[in-house]
Amino acid sequence: MEKLMYYKEYDLNKISINLLWSYISTPTGLATWFADEVKADGKNISFFWAKEEHKAEISGMRQGSHIRFHWTDDNNPKTYFELKILYNELVSNVILVVTDFAEQQEIDDCKKLWDEQISTLRKKLGT
């Protein structure tokens, strides 16, 4: 089935962009909230959940702005998940935008999973 793009925005209040960047772009940071363990070898990333490995490749990145991953077992080269940092100057808040792809019937469940993951991230960041 075809995967559709969806996204969610998460207001992280007045968190340091540099701190948030370290949590979304480094193996150590990602292992605190996204996966049980994360290993990197250049652009190749291994995420582990319950000892099960899932491999991804960093397909795009701009320091302090966004990082995009493509699951290596996904045959569609146009799908990815991206974590993007936005700064709202009007209210001085940092927003994390998650973009991902899923089949239509899975989108609601995937959004709930992201909600849980970002809730863990918020706790780690103290927001």
Side-chain angles (χ1 to χ4, degrees):
M1 291 202 91
E2 181 183 3
K3 291 185 177 181
L4 304 173
M5 180 192 298
Y6 67 92
Y7 73 95
K8 282 200 77 169
E9 294 182 2
Y10 299 93
D11 187 346
L12 299 179
N13 299 316
K14 299 180 187 326
I15 192 71
S16 160
I17 290 174
N18 290 333
L19 179 61
L20 177 58
W21 180 249
S22 72
Y23 273 81
I24 68 171
S25 66
T26 67
T28 303
L30 287 163
T32 63
W33 68 277
F34 185 71
D36 297 334
E37 183 181 357
V38 180
K39 294 181 181 178
D41 181 15
K43 290 188 172 207
N44 298 311
I45 310 294
S46 293
F47 296 97
F48 295 87
W49 288 277
K51 307 235 186 255
E52 187 175 323
E53 182 179 19
H54 298 273
K55 294 182 179 185
E57 177 182 60
I58 297 174
S59 59
M61 180 174 68
R62 183 171 179 201
Q63 186 74 25
S65 172
H66 67 274
I67 187 162
R68 183 179 288 184
F69 300 91
H70 173 74
W71 295 113
T72 58
D73 63 353
D74 189 337
N75 295 327
N76 184 343
K78 295 182 181 183
T79 62
Y80 57 87
F81 75 94
E82 180 180 72
L83 304 169
K84 184 174 188 175
I85 300 170
L86 299 177
Y87 180 70
N88 183 332
E89 292 180 23
L90 190 62
V91 292
S92 301
N93 278 6
V94 174
I95 298 164
L96 182 63
V97 180
V98 174
T99 304
D100 202 352
F101 287 78
E103 293 177 8
Q104 178 69 49
Q105 69 274 15
E106 296 176 345
I107 289 177
D108 288 340
D109 288 339
C110 290
K111 285 182 178 181
K112 288 176 187 172
L113 180 59
W114 277 112
D115 289 346
E116 291 173 17
Q117 298 291 79
I118 300 302
S119 176
T120 302
L121 175 61
R122 281 185 169 125
K123 288 176 188 168
K124 298 294 181 180
L125 292 170
T127 63

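All of these numbers come straight from a predicted model, not from anything done at the bench.
A heavy-atom distance below 4.5 Å is not found between the side chains of Ile58 and Arg68. In this structure, Ile107 and Asp100 have side chains that are not in contact, with every pair of non-hydrogen atoms separated by 4.5 Å or more. Looking at Ile85 and Ile24, their side chains come closer than 4.5 Å, going by heavy atoms from C-beta outward. For the pair Thr28/Leu30, no side-chain contact is recorded, criterion being any heavy-atom separation below 4.5 Å from C-beta on. Here the side chains of Gln104 and Tyr6 are not in contact, with every heavy-atom distance at 4.5 Å or above.
In this structure a side-chain-to-backbone donor-acceptor pair under 3.5 Å is present from His70 to Thr79. Trp49 places a side-chain N or O within donor-acceptor distance of the main-chain N or O of Phe34, the cut-off being under 3.5 Å. Remark: the backbone N or O of Tyr23 is paired with a side-chain donor or acceptor of Trp33 at under 3.5 angstrom. Remark: side-chain polar atoms of Lys39 are not paired, donor with acceptor, to backbone N or O of Asn44 under 3.5 angstrom. Checking side-chain atoms of Thr72 against main-chain N and O of Lys55 turns up a donor-acceptor pair under 3.5 Å.
Residues forming a salt bridge (Lys or Arg N to Asp or Glu O under 4.0 Å) with Lys3 (at least two apart in sequence, or on another chain): Asp74. Listed by chain and number, the residues in a salt bridge (Lys or Arg N to Asp or Glu O under 4.0 Å) with Arg122 amount to none (sequence neighbours excluded).
Aromatic rings from Phe47 and Trp71 are positioned such that their centres are separated by under 6.0 Å.
In the displayed structure, Lys8 atom NZ is contacted under 6.0 Å by more than 12 heavy atoms of other residues, nucleotides or ligands.
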For side-chain contact (heavy atoms from CB on, under 4.5 Å), just list the numbers for Asn93 and Lys14, CA-CA rounded to whole Å, side-chain angles, deciding distance to a tenth of an Å, and then say yes or no. CA-CA 5 Å; Asn93 278 6; Lys14 299 180 187 326; 3.5 Å; yes
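A chain of hydrophobic side-chain contacts below 4.5 Å, direct or via other Ile, Leu, Val, Met, Phe, Trp or Tyr residues, connects Tyr87 to Val98.
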